[in-house]
Student: 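I have a structure here, written as structure tokens, and I will follow up with some questions on it.
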2 protein chains.
Amino acid sequence: MTVAPERRPLVFERLEHVTDALRRAGHRVTGPARRVIEALFAADGPVSAEQIAAGLDGRQSALELTSVYRNLERLEQIGAVSHVHAGHGPGLYALASTRDREYLVCDRCGRVTSVDPEALDPLRDSLRDAFGHHARFSHFPIHGLCAGCARAPDPASPRADRAARPRRPARARTGA
Amino acid sequence: MTVAPERRPLVFERLEHVTDALRRAGHRVTGPARRVIEALFAADGPVSAEQIAAGLDGRQSALELTSVYRNLERLEQIGAVSHVHAGHGPGLYALASTRDREYLVCDRCGRVTSVDPEALDPLRDSLRDAFGHHARFSHFPIHGLCAGCARAPDPASPRADRAARPRRPARARTGA
DNA sequence: CGCCTGATGCAAACGGCTCGCAACAGGGGC
DNA sequence: GCCCCTGTTGCGAGCCGTTTGCATCAGGCG
């Protein structure tokens with residue numbers, strides 16, 4: 001199941017744009033900071049802090065987990081990064097795009113489908129009209145069952161919880 | 001801000017129905033098990049395992065937290081209980097109703113609004129049509145901003161994360 | 001009413017994340 | 001180009017919510 005790499009208009013298209021923004025915000029561009037940014041550019045979808053710290057499975061050099069979190073937080077503050085909580089697992093981080101993708105998570109198989117936020121606007125509008133609630137599915141996604149799992153009969157364990165907590169966090173798949 | 005107690009048609013309307021179901025499923029009805037069930041009947045909304053273990057702020061006798069979790073899991077297995085993850089805090093447990101309430105969470109002020117699942121059916125339908133995804137907002141709610149917070153200007157810290165992690169978990173408020 | 005087996009209590013571990021603190025190193029100022 | 005100030009790092013410890021291991025205890029069937 002290969003997945004088309006998801007390339008949306010990013011807030012910062014190149015590494016130097018991010019480092020410039022960091023400096024403009026009064027931050028320093030250190031080795032670890034740069035490596036976190038590199039990892040995010042190298043990743044083919046949202047990744048966990050641990051994956052970044054581990055150097056994306058050896059593709060990059062390893063870093064301190066603490067430092068990764070601190071850098072991700074800084075990058076998030078300047079709007080270069082955003083993260084999503086896909087179920088119980090760790091938060092997944094990605095370079096921020098001009099309008100962040102939103103996500104559908106299958107509680108059975110753990111699949112994460114990324115969708116164009118515009119596609120959810122009608123839905124958002126009706127929620128706002130009905131409840132005054134301004135919904136955002138980029139940080140906490142929409143859970144439920146994907147088409148395949150909804151079709152399948154009940155599995156042995158109906159506890160969706162477990163399935164949604166894969167050992168290695170699921171990589172987001174580009175969707176509709 | 002007092003809240004109308006939320007009483008929906010429960011899967012098991014009385015304590016004995018739950019204990020019967022437990023026995024039918026081959027479980028024993030022990031002291032702690034009974035006290036967890038009592039606490040759920042006594043609670044006026046979804047509560048955390050810790051609140052149950054603490055005896056609902058003294059209204060009940062205290063229990064081992066581990067035991068509370070184990071009982072909640074069993075009760076969930078037999079369909080007597082369900083839980084919701086309202087943001088980063090602990091899971092909140094309640095007696096299962098014939099059709100579980102669904103939730104809207106404000107990422108700024110932490111407010112949890114419970115809504116009638118039927119009110120979200122149109123939304124669910126359009127999601128199913130567009131993505132084949134069968135959405136469920138009873139376990140992982142809809143996040144975003146409540147009417148009040150959406151109206152208010154950006155606060156000092158735009159990090160919604162923090163606000164949504166109140167020290168004491170927010171009690172669900174009965175909504176629309 | 002006794003025995004078997006499932007439930008409990010307690011302690012320890014776990015995953016995800018945060019914090020404290022001394023040592024280190026960007027990069028503005030000279 | 002160098003120095004010093006201050007933000008950042010590395011490492012350890014800690015936190016919160018939850019799970020697990022294990023010896024002991026007690027429901028409830030026979």
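The analysis underlying the following values was restricted to heavy atoms, covering all of them including side chains, and did not include hydrogens, waters or symmetry mates. Chain letters run A, B, ... following the sequence lines, proteins first and then strands; every chain starts at 1.
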Student: Please report the interatomic distance CG(B/Leu127) to CZ(B/Arg136), rounded to the nearest 0.5 Å.
Tutor: 15.0 Å

Student: If you look at every strand shown and take non-hydrogen atoms under 4.0 Å, does A/Ser67 touch a base, only sugar-phosphate, or nothing?
Tutor: sugar-phosphate

Student: To the nearest 0.5 Å, tell me how far B/Arg101 CZ sits from B/Asp116 CG.
Tutor: 5.5 Å

Student: Do B/Tyr103 and A/His133 pass the ring-ring contact (aromatic ring centres under 6.0 Å, His included) test, and can you show the C-alpha distance, the side-chain angles, and the key distance before you say yes or no?
Tutor: CA-CA 11 Å; B/Tyr103 302 91; A/His133 184 86; over 10 Å; no

Student: Report the residue (B/Tyr93 or B/Thr30) whose heavy-atom-nearest nucleotide on DNA chain D is the more 5′ of the two.
Tutor: B/Tyr93

Student: Hey, does the side chain of B/Thr66 come within less than 4.0 Å of C/dG9's phosphate (OP1/OP2), counting only N and O?
Tutor: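 Result: no.
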
Student: Looking for any heavy atom pair under 4.0 Å, which part of the strands does B/Ala33 touch: base, sugar-phosphate only, or nothing?
Tutor: sugar-phosphate

Student: Report the residues that fulfil side chain to side chain contact (heavy atoms under 4.5 Å, CB included) with A/Arg70, sequence neighbours left out, ordered by chain and then residue number.
Tutor: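 Testing A/Arg70 for side chain to side chain contact (heavy atoms under 4.5 Å, CB included), a comparison that skips the adjacent residues, returns A/Thr66, A/Arg74.
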
Student: Tell me which residues in residues 20-28 of chain B lie within less than 4.0 Å of DNA chain C, going by non-hydrogen atoms.
Tutor: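 Result for residues 20-28 of chain B: B/His27, B/Arg28, sorted by number.
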
Student: Students often get this wrong, so: under 4.0 angstrom with heavy atoms, is B/Arg34 touching a base, only sugar-phosphate, or nothing?
Tutor: nothing

Student: Rounding to an integer number of Å, can you tell me how far A/Glu76 CD sits from C/dC17 P?
Tutor: 11 Å

Student: Checking all strands, does A/Gly31 fall into the base, sugar-phosphate, or nothing category for heavy-atom contacts under 4.0 angstrom?
Tutor: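 If one applies the 4.0 Å heavy-atom cut-off, A/Gly31 turns out to touch nothing in the nucleic acid.
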
Student: Taking N and O atoms by type only, does the side chain of A/Arg70 place a donor or acceptor under 3.5 Å from a partner on the base of D/dG10?
Tutor: yes

